[in-house]
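Have a look at the structure below, then the notes.
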Amino acid sequence: MAKLRLGVNIDHVATVRNARGGDVPDPVRAAKIAEEAGADGITAHLREDRRHISDEDIDRLMAALSLPLNFEMAATDEMQAIALRHKPHAVCIVPERREERTTEGGLEVAREENKLAHFIAPLREAGCRVSIFIAADQRQIEAAHRIGAQVIELHTGAYCDAHAEGRFDDRDAELEKLRRMATFAHDKGLEVHAGHGLTYDTVSPVAALPEVIELNIGHFLIGEAIFMGLTPAIAEMRRLMDAARA
């Protein structure tokens, strides 16, 4: 079974910094610590409203990182231009609404198939691996495959929410959906990632899915870092992922 990669999302280090202004805490420093702690990549979402990660953060991350950068972005002309200027290892296309606190669901690929196909073509030509953040839904996976995405990232939020709310039958049903759709996507030749809302309590069943080769985790790790430090927080997540994979 392939080694499971961990992408650490550093957005909310920038959220804390921006709450007061100034330079601390520094998301680039967090990215370097994550690398030393066992992360395989760094994820950063440059939102239209710049509520956490800034353009300068992306500039500095590209200059400082030896790990691959997964650049999350909405399908807008502005973000496409930024991605084409930097040419990060990967770009992950996500839905984005100003009024949401965080990304609340997967991208509606099937409804916007033609637009998204044209949008991602220059990114692929520039050498970026294109990932689409979607619900565990066969129709969306088929559309992502048709438009030329190399990777899908399955939204694990419904599974994590059901666990947190004690709806264990729903949790198990969501996990089964993730399992079936990971297999379906893998059989189509897509690389399968997963993320959103994963914690120490919920990561192991997702990490055990053999078709999933990368998990992207951020908010929970930054929250745990307040209490235990970023290095131990990431190391514990890495330990749980590796144990589940074994």
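Remember, it's a predicted structure, so these values are computed and weren't measured experimentally.
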Criterion salt bridge (Lys or Arg N to Asp or Glu O under 4.0 Å) on E174 and R171, from CA distance to verdict: CA-CA 5 Å; E174 291 294 338; R171 175 201 63 189; over 6 Å; no
Parallel, tilted or perpendicular, as decided by the 30° and 60° cut-offs, for the rings of H155 and F133: tilted
Approximate separation, where rounding is to 0.5 Å, of R180 CZ and I141 CD1: 9.5 Å
K188 backbone acceptor or donor facing H145 side chain under 3.5 Å: yes
H163 side chain reached by D201 side chain, heavy atoms, under 4.5 Å: yes
Lys/Arg N to Asp/Glu carboxylate O, D55 vs R50, below 4.0 Å: yes
Shortest non-hydrogen separation from L65 to A31 and the atoms involved: CD2-CB, 3.7 Å
T43, I234, L6 screened by side-chain contact (heavy atoms from CB on, under 4.5 Å) with I217, the one that passes: L6
side-chain contact (heavy atoms from CB on, under 4.5 Å) assessment of M237 paired with V203: CA-CA 8 Å; M237 188 63 78; V203 71; 3.7 Å; yes
Ion pair check, R139 and E142, cut-off under 4.0 Å: no
Check: L230 and I222 side chains under 4.5 Å, non-hydrogen atoms: yes
Distance (rounded to the nearest 0.5 Å) between E153 CD and E191 CD: 11.0 Å
Where at least one partner belongs to residues 63-92, residue pairs that pass ring-ring contact (aromatic ring centres under 6.0 Å, His included), sequence neighbours excluded: none
Any donor-acceptor pair under 3.5 Å from K177 side chain to D172 backbone: no
Flag if over 12 foreign heavy atoms under 6.0 Å of CG, D187: yes
Pair H45-V94, side-chain contact (heavy atoms from CB on, under 4.5 Å): steps then yes or no: CA-CA 9 Å; H45 181 178; V94 302; 3.6 Å; yes
Could you give the side-chain donor-acceptor pairs of residues 205-215 under 3.5 Å, partners two or more places apart or in another chain?
| unit_1 | atom_1 | unit_2 | atom_2 | d |
| --- | --- | --- | --- | --- |
| E211 | OE2 | T183 | OG1 | 3.1 |
| E214 | OE1 | R5 | NE | 2.9 |
| E214 | OE1 | R5 | NH2 | 3.0 |
| E214 | OE2 | N216 | ND2 | 3.2 |

T199 versus T202, closest heavy-atom pair with distance: N-OG1, 2.9 Å
CG on L69 to CD1 on I58, rounded to 0.5 Å: 5.5 Å
Rounded distance [0.5 Å steps], CG in L178 versus CG in L154: 6.0 Å
Donor-acceptor pair, side chain of Y200 and main chain of L240, under 3.5 angstrom: no
Under 3.5 Å donor-acceptor, T231 side chain and A37 backbone: no
Smallest separation among heavy atoms of A233 and L221, with atom names: O-CD2, 3.5 Å
R60: partners by side-chain contact (heavy atoms from CB on, under 4.5 Å), with sequence neighbours left out: D26, V28, E56, D57
V16-I33 co-clustered via ILVMFWY side chain contacts under 4.5 Å: no
Donor-acceptor under 3.5 Å (E108 side chain, R111 main chain): yes
Same apolar cluster: L190 and V151, side chain cutoff 4.5 Å: no
side-chain contact (heavy atoms from CB on, under 4.5 Å) evaluation trace for V130 with R124: CA-CA 7 Å; V130 176; R124 286 198 55 169; 3.6 Å; yes
Salt bridge present between R29 and D23 (N-O < 4.0 angstrom): no
Heavy-atom check, side chain of H196 versus side chain of C160, under 4.5 Å: no
From E113 atom CD to R146 atom CZ, the distance as rounded to the nearest 0.5 Å: 4.0 Å
Exercise: identify the closest heavy-atom pair between A149 and I132: CB-CG1, 3.5 Å
Main-chain N/O of Y159 paired with T156 side-chain donor or acceptor, under 3.5 Å: no
D170: salt bridge (charged side-chain N to carboxylate O under 4.0 Å, His left out) partners, not counting sequence neighbours: R167
Backbone of G7 reached by a side-chain donor or acceptor of N70 within 3.5 Å: no
Nearest-0.5 Å distance, CD1 of residue I53 to NE2 of residue H12: 9.5 Å
side-chain contact (heavy atoms from CB on, under 4.5 Å) between L61 and I10, intermediate numbers included: CA-CA 11 Å; L61 286 165; I10 56 165; 3.8 Å; yes
Pair D40-K3, salt bridge (Lys or Arg N to Asp or Glu O under 4.0 Å): steps then yes or no: CA-CA 11 Å; D40 301 291; K3 178 181 183 289; 3.2 Å; yes
Min side-chain heavy-atom separation S131-I93 under 4.5 Å: no
Residue list, side-chain contact (heavy atoms from CB on, under 4.5 Å) with L67, at least two apart or on another chain: E35, A39, I42
Where S204 and A244 come nearest, the two heavy atoms and their spacing: O-CB, 3.4 Å
Contact check, side chains of V91 and E72, non-hydrogen atoms, under 4.5 Å: no
Test item: Q140 side-chain N/O and A135 main-chain N/O as donor-acceptor pair under 3.5 Å: no
C128 versus P88, closest heavy-atom pair with distance: SG-O, 3.3 Å
Heavy-atom side-chain contact between R17 and S54 under 4.5 Å: yes
Min side-chain heavy-atom separation M181-D137 under 4.5 Å: no
side-chain contact (heavy atoms from CB on, under 4.5 Å) involving Q80 - partner list, sequence neighbours excluded: L84, F119, P122, L123
